[in-house]
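Notes follow the structure.
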Amino acid sequence: MAFRAFYALPVDNFATSTGQHTNAVHGFISMLLKLIAEEKPSHIAVAFDVGSETFRTREYSEYKGTRDKAPEEFPSQIPLIKEVLDALRIRHLEVPDFEADDIVATLKTEAEDESFDEVLICSGDRDTLQLVTETTTVLYPTKGVSVLTRFTPQAVEDKYGVPPARYPELAALVGETSDNLPGVPGVGPKTAAKWIAQYDGLTNIIARADEIGGKAGQSFRDNIDNVLRNRKLNHLLTDMDLAVSLPDLVTEPVNREAVHGVFDALEFTTLRERVFAMLPADSAAPDQDESTELSFDIASWADDGDLAAFLQAHADGEDAQRIALVLDDGATDVERLALATRTHALVLELAALPAGEDAVLAAFLSGPAPKTAHDAKSMWHRLTERGYDLKSVVFDTDIAAYLIHPDQRRHTLVDLAQRYLDRDVASDAAASGQLAFDLESDATIDTLARQALAVAELEVQLTGALEDRGLSHLMTKLELPVQRILQDMEATGIAVSETVFNELYDQLDADVKQAADDAYAAIGQEINLSSPKQLQKVLFEDLDMPKTKRTKTGWTTDAEALSDLFEKTAHPFLAALLAHRDRIKLRQIVETLRSARAADGRIHTTFQQTVAATGRLSSTDPNLQNIPARSEDGLRIREAFVVGEGYETLMTVDYSQIEMRIMAHLSQDAGLIEAFREGEDLHNYVGARVFDVPIDEVTAQMRSRVKAMSYGLAYGLSSFGLSRQLGIEVGEAKALMDDYFDRFGGVRDYLRTVVEQARRTGYTETMFGRRRYLPDLTSDNRQRRDMAERAALNAPIQGSAADIIKIAMIAIEDALEREKLDSRMLLQVHDELVLEIAPGELKRVEALVREHMAGAAKLDVPLDVSVGLGPSWREAGH
DNA sequence: CAAATCACGTA
DNA sequence: CGTACGTGATTTGC
């Protein structure tokens, strides 16, 4: 049926944005849903073939031998169909060495033995017609997969002239070209049916073969072997030993979350709607009608005592519940806070809160009562502005959704409510009349209440989803504690020197103008040097320079290509352009940072905790994780980040080569582990092994080559990429890789295993169980697949490093608190922390930071930590 | 006016 | 034809 669906729908019209073809999936599932809607089965199963070898091919090696290989767009769709079936909670069966038809025949037989009223078989294989009885009907696709013909005993007889049980005899005589089973030449369905009727079956036909006259009779006698073989092969097994029995096949509610997941990946929208329209789902959210029955208390915020009463009813005593919190979007100047359990909501207008209520609220927010929020870090910041402190957040729906689907960069509350609760809590839902009831009060209040109710309910759903994936620990022990730390880091910020920024800016600004003038002079015209389009015209049309690497819209003008062109042409425009690029970039960075300086003289970045697919943090507004660190001028920018007033010094502490150490640990490669244990310079050590020379004879070139190699490995570098990076021939790069893997075979084996396992399970895992799903690993688009493979190589390594530094941050924060130190963390830059050290605390902080960084994870190699000190980030850096 | 493209900074 | 990010200027497309 899947194959039929493949040919019924145009393959080019069904593909995801990543290039995965989905026409067979769509056609198959569409057909299946229609079937379920019309037939309403009590039990259901789908059977698949496994591979091409079965007991039949061993019996007769040419069986199905003339079949063309399936088109390349087809095979990758089969696992996708199975994923959808899993989400729909429909069992699918496959047994090595047997065909799907045998499974179908066995189940049908069991069902009839159990006196089921009716059995329906949907199959595109005519061999199943032998299974038709008074209770069993075959639905055979006639036009694509949209029209199914019902083969009852009468219908079989009408069409083929034999009763269903005799159909295989007819097929044996006629043969089946698609299975490469020749029958009797000259005998078609009409003759075969006539003989079967006349002699009462194949056995008798064979016994009385001599009596059959004419050409056809002779042909039959010459081909009896074919017929016997055909009959043997087209007999379906009805007594297979299946792992499941009929009670396992009872129809079940669909797994709502899984359906969303798989249909998101497949980019199916109409089918998703059809599924939810027709099938019951497990986590059925109260629908709109039921919502009206919720005890939906919306307090009049002017009344004193409502909050206290609400908290007493829901947050106190033995059956205290989690309180979900939602703050309005801040678009207007009113700030409203909604509190909710799964059934009760209360909305407060903060500015209008009576003093008594305000005190109750403040005590509740900062008190021990457990709370749930969506993006609690933002909420904390906003509540802090209003003078409240938010504590005891024990669940965050944003973080939970991120742990479950780290690749989805967006998981807003509205998205989550739609996906997990099938509920629209968008702020315009009320206005657009989608809500079932309309309170007299403001629609915003209604929306906030609904959102808070949704958060409360999402916690239950997401807690289950986290548990299913073994992610609960990461939530409670890692991400939530890290969230609180980031909150403080963001609030603290890092001090910057306005003077340094101003001086830098003026210098760079002059440089920019000079470089621009030089560039204009070199080409005799003024163009926009920041416009790749205009640059292309000048370089490749006016100056007719050799073409560089292609981009989507033309030829690249990136720094590497421009340097290349400069070597070839020595044109002064290129030098001026490169200088201009460099200066303008730095000037822009300085300007961004200068304007990000807050009234307290510090820059307060925002750390994104739910964005990077590997588990890393990212930094925005401004990004303090990409401050220049290499060039001299870049480093001057770091001079502007300084120790704040009242503090003694900045401290940076970083892990050296943490990703390579994780690679050593995960791969268990003996050579690599030894390299780190020896404490030798890693790249010299590896170079000595790869080039087979004593360690003190490793040249600078050897060292830089193995260094590029080592790092490239963790990212899935190809020999092509390596050759380009090192400026050597592909063959030489290939040889280098081979030598490397000869010496460090454990690394090669590990990398292979990682990809293989990810392809099997659908996800990679860090040392601490953080997952990343990579559905593209089975894509039939090579570019997509290769990209997913490289991501699979990198994710466990980059992700484990991210986990480790998060663990270290928690331990450091704990220690600072425990020892009542005033020193504090300011920034995290993936493998580095920046701290501000309070007077007199240097020694103790350095000791505890070293201890907790190095001790964050127990690897089979040491975690090396280095510490730097200084009045600015530049001097504290390494 | 928003999205896409290009370029480039970090680990 | 290594991974993971964020920002800004220009261009494209509606």
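Reminder, nothing fancy here: chain letters follow the sequence lines and each chain counts from 1.
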Donor on one side chain, acceptor on other, Asp375(A) and Ser378(A), under 3.5 Å:
yes

Classify the nucleic acid contact of Ala801(A) as base, sugar-phosphate or nothing, counting any heavy atom under 4.0 Å across all strands shown.
nothing

Are Glu846(A) and Arg850(A) within salt-bridge range, i.e. N to O under 4.0 Å?
yes

Is Arg581(A) close enough to dC8(B) that one of its side-chain N or O atoms is under 4.0 Å from OP1 or OP2 there?
yes

Write down the distance between CZ (Arg638(A)) and C1' (dT10(B)), rounded to a whole number of angstrom.
8 Å

For Gly716(A), answer base if it contacts any base atom (sugar-phosphate contacts may also be present), sugar-phosphate if it contacts only those atoms, and nothing otherwise; contact means non-hydrogen atoms under 4.0 Å.
nothing

Nearest-Å distance for atom pair CG/P, residues Leu833(A) and dT10(B):
19 Å

Atom CZ of Arg587(A) to atom P of dG9(B): distance rounded to whole Å?
15 Å

Does a distance-only test, which skips hydrogens and angles, find a donor-acceptor pair under 3.5 Å between the side chain of Asn626(A) and the base of dG9(B)?
yes

Please evaluate residues Phe573(A) and Leu529(A) with respect to the criterion side-chain contact (heavy atoms from CB on, under 4.5 Å), reporting the C-alpha separation (whole Å), side-chain torsions for both, the decisive distance (0.1 Å), and the verdict.
CA-CA 11 Å; Phe573(A) 175 68; Leu529(A) 297 172; 3.9 Å; yes

Under 4.0 Å, heavy atoms only, any strand: does Ser719(A) hit a base, just the sugar-phosphate, or nothing?
nothing

May I ask you to say whether Arg705(A) pairs ionically with Glu732(A), meaning some side-chain N is under 4.0 Å from a carboxylate O?
yes

Can you measure His830(A) atom NE2 to dC5(C) atom P for me and round it to whole angstrom units?
10 Å

Please report, rounded to the nearest Å, how far the P atom of dA9(C) is from the NZ atom of Lys533(A).
19 Å

Classify the nucleic acid contact of Arg616(A) as base, sugar-phosphate or nothing, counting any heavy atom under 4.0 Å across all strands shown.
base

Between dG2(C) and Ser718(A), is there an OP1 or OP2 to side-chain N/O distance shorter than 4.0 Å?
yes

Out of dA11(B), dT5(B), dA4(C), which nucleotide sits closest to the side chain of Asp831(A)?
dA11(B)

dT10(B) C1' sits how many Å from Trp873(A) CH2, rounded?
9 Å

Remember a base hit wins even if backbone is also touched, and classify Ala613(A) as base, sugar-phosphate or nothing at under 4.0 Å, heavy atoms.
sugar-phosphate

Sugar-phosphate only, base, or nothing, as touched by Gln534(A) at under 4.0 Å among non-hydrogen atoms:
sugar-phosphate

State whether Ser531(A) places a side-chain N or O below 4.0 Å from either non-bridging phosphate oxygen (OP1 or OP2) of dT11(C).
yes

Could you work out which one of dG2(C), dA4(C), dG6(C) sits closest to the side chain of Ala791(A)?
dA4(C)

Do the side-chain N or O atoms of Asn528(A) get closer than 4.0 angstrom to the phosphate oxygens (OP1, OP2) of dA9(C)?
no

What's Arg409(A) touching, base or sugar-phosphate or nothing? Going by heavy atoms closer than 4.0 Å.
sugar-phosphate

Is it the case that atom CD in Glu267(A) sees more than 12 heavy atoms from other parts of the structure closer than 6.0 Å?
yes

Give the rounded distance in Å between these two atoms: CD of Glu659(A) and P of dT10(B).
16 Å

Pair Asp398(A)-His411(A), side-chain donor/acceptor within less than 3.5 Å:
yes

Let's see if you can work this out: which of dT3(C), dT7(C), dC1(C) has an atom nearest to the side-chain heavy atoms of Phe720(A)?
dC1(C)

Respond yes when some side-chain nitrogen or oxygen of Thr557(A) is under 4.0 Å from OP1 or OP2 of dA7(B), and no when none is.
yes

If we count only N and O atoms by modelled type, under 3.5 Å, do the side chains of Arg748(A) and Tyr750(A) hold a donor and an acceptor together?
no

What nucleotide, of dG9(B), dT7(C), dA4(C), holds the atom closest to the side chain of Asp621(A)?
dT7(C)

Nearest to the side chain of Pro628(A) - dT3(C), dG9(B), dT5(B)?
dG9(B)

Would you please confirm or rule out a distance under 4.0 Å between OP1 or OP2 of dG9(B) and any side-chain N or O of Lys585(A)?
no

Take the protein atom CZ of Phe607(A) and the nucleotide atom P of dG6(C), then report the distance between them rounded to whole Å.
12 Å

What is the nucleic acid contact for Asp786(A), judged by heavy atoms within less than 4.0 Å: base, sugar-phosphate only, or nothing?
nothing

Would one find a side-chain N or O of Thr551(A) under 4.0 angstrom from OP1 or OP2 of dT5(B)?
no

Flag, side chain of Ser595(A) to backbone of Thr592(A), donor-acceptor distance under 3.5 Å
yes

N or O in side chain of Gln588(A) less than 4.0 angstrom from dA9(C) OP1/OP2:
yes

Among dG9(B), dT10(C), dC8(B), the one nearest any side-chain atom of Ser530(A) is dT10(C)

Determine the Euclidean distance between corresponding P atoms of dC1(C) and dT5(B); express it in Å to zero decimal places.
15 Å

May I ask you to evaluate whether Arg630(A) reaches the phosphate of dT10(B), defined as a side-chain N or O under 4.0 Å from OP1 or OP2?
yes

Check whether any side-chain N or O of Thr592(A) sits under 4.0 Å from OP1 or OP2 of dG8(C), and answer yes or no.
yes

